[in-house]
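Below: the structure, in structure tokens.
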There are 2 protein chains.
Amino acid sequence: MSELTVPAGRASGAGLDAAALQQLAGKHQTGYRSVGVMVYDILKDAILTGTLPPGQRLRQETLAESIGVSRLPVRSALIQLEADGLVEFHERRGAVVKSLSADQAREVYGIRTLLEVEALRLSMAEMTPERIARLRELGRTADAEEEGADFVDARTEFYAELYDAAHRPVLWEMIEQLRLKVGRYVLGWRLVGGAEHGHSHEELIAAVEGGDVEHASGVLRSHLERVRDAVLELLVAGEPGATAGAPLRH
Amino acid sequence: MSELTVPAGRASGAGLDAAALQQLAGKHQTGYRSVGVMVYDILKDAILTGTLPPGQRLRQETLAESIGVSRLPVRSALIQLEADGLVEFHERRGAVVKSLSADQAREVYGIRTLLEVEALRLSMAEMTPERIARLRELGRTADAEEEGADFVDARTEFYAELYDAAHRPVLWEMIEQLRLKVGRYVLGWRLVGGAEHGHSHEELIAAVEGGDVEHASGVLRSHLERVRDAVLELLVAGEPGATAGAPLRH
DNA sequence: CGCACAGCTTCTGGATCCAAAAGCCCGGAC
DNA sequence: GTCCGGGCTTTTGGATCCAGAAGCTGTGCG
């Protein structure tokens, strides 16, 4: 496990990896319509990859300097990230990367099961061979991805295609929100011991292709349960008593 | 039906009810920790009550002057509202109050049914007589409210108390998001012909008190279906072909 | 008479500057 | 030696200012 494994609980001070942030900034500096959304993407990537670990305090000045912009677009990005549930504003003390408690993770996976089973059911009614083929392609791409943000993105694309047949944009938006909340920890799981995950994609595709809704739902359920348990293991190991509140000094 | 009924489709120009906005601003000027969240609350109220109808273009300068602040906190508020799905940014043309298509409304109520039935199930396992009593109180308060924003707020409080027993903050957050999306139109329904709605609260409370999960779920389902149908009627009547995209000129 | 191009206006988005509040540290007193 | 209070510093949040881009309008040409 590389240094991507989050130090979590600690890291409240100024311990901000400016170099890694600059590197991420470089990857995103190409053609954005506004600086604000660029910063948003950079910070989202940074949080998802663990460059900005949970509990990390985010000082606007520092972030702005690292990325090379003013503080204003940083503020915009932080507000958006707050809405996404990735950061948290502390009164007059600035933003902090949110942690996820074990309870919250359990909840997220419970809701995801509800919503994704529904999305799967709706999608399977509209499934076509072309979509199956595209799913296989995206599944392969997802399995090929190794590094941080791309790994999460590839998986997101796979599920976007899977559920797109349902034509339920609001439902997908909800699912995406929930996936975002646990994205960081899934990444950790991947790095720790996600070896057999490749099977999940193919197993799910086969079930969808078969057309048996109940069977496919079962496959999806068990897949989500497996990921949930792995995430929980990682969570309770990393931070025993940490909840959403960051351990700031008083 | 007062002038709160939205003119909808039109109203792309500068037709902004500055006076009504100032009045709303007055109601909120008391003790906020930051101006940004105050503006956010003001604009949210304005959208929920129909003061800012769907399709209304939101010019930062105008809003700032009406409320009496700078453009900067207005921008912050607009970003938050975008995350809530209440407004939409159009490239270089600013923010517009989002419309809700009939399809989107159907989706919202479908997802709400899924989530709220689950929340109800979980809550009923933890229900106590004290909670029942508080629900009755909140139900009465909600029924007593007549005007715009307070009506929505009172109903939100009722459901917050109902689902609070489940101790599922993430689930509640999701439900709240969805309720926010349709809040405006429910308000319209109330104004148009929501006469028998008072029964819903008591009927639901009685079912919860009874302890029969299946029965209570049924009551909740049919309540949501009734509101959905009323909202849909209002939607298809108001704007036949309007989708999320606002009819801006090109 | 209609269409197209150019200039003007207007609005958003970004940067720099300023004020206020909260935390931190040091000194003094008990 | 410890605890409380006051001043200092740091950092957020707000206001004003500036630049760039998109739309609108007026005029000229076909």
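Note: hydrogens, waters and symmetry copies are ignored here, and every other heavy atom, side chains too, is used. All chains are named by letter (A, B, ...) in the order of the sequence lines, taking the proteins before the strands, and each is independently numbered beginning at 1.
Atoms OH (B/Tyr32) and C1' (C/dA20) sit 21 Å apart, rounded to a whole Å. For A/Arg57 and D/dT10, the CZ to P distance is 13 Å, given to the nearest whole Å. One can place CD of A/Glu88 at 17 Å from C1' of D/dT12, the figure rounded to the nearest angstrom. We find that CD of B/Gln60 is positioned 12 Å from C1' of C/dG14, with the value rounded to whole Å. Residue A/Leu63 contributes atom CG, which lies 16 Å from atom P of C/dG14 at whole-angstrom precision. Separating the CZ atom of B/Arg59 from the C1' atom of C/dT12 is a distance of 12 Å, rounded to the nearest angstrom. Distance B/Leu78 CG to C/dC11 C1': 13 Å, rounded to the nearest Å. Going from atom NE2 of B/His90 over to atom P of C/dT10 covers 22 Å, rounded to whole Å.
Listed by chain and number, the residues in a ring-ring contact (aromatic ring centres under 6.0 Å, His included) with A/Tyr40 amount to none (sequence neighbours excluded). Applying the salt bridge (Lys or Arg N to Asp or Glu O under 4.0 Å) rule to A/Glu116 yields the partners A/Arg112; only residues at least two apart in sequence or on another chain are considered. Among residues two or more places apart in sequence or in another chain, the salt bridge (Lys or Arg N to Asp or Glu O under 4.0 Å) test is passed with B/Glu161 by B/Arg131, B/Arg134.
Listed by first and then second residue, the side-chain hydrogen bond (donor to acceptor under 3.5 Å, both in side chains) pairs that reach into residues 68-82 of chain B are B/Gln60-B/Arg71, sequence neighbours excluded. Sorted by first and then second residue, the salt bridge (Lys or Arg N to Asp or Glu O under 4.0 Å) pairs with a member in residues 165-174 of chain B read A/Lys181-B/Glu173; sequence neighbours excluded.
With A/Gln56 contributing its side chain and A/Pro53 its backbone, the two residues share no donor-acceptor pair below 3.5 Å.
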Can you pull every protein N or O that's under 3.5 Å from an N or O on nucleotides 15-18 of chain D?
from, atom 1, to, atom 2, distance (Å)
D/dA15, OP2, B/Ser70, N, 3.1

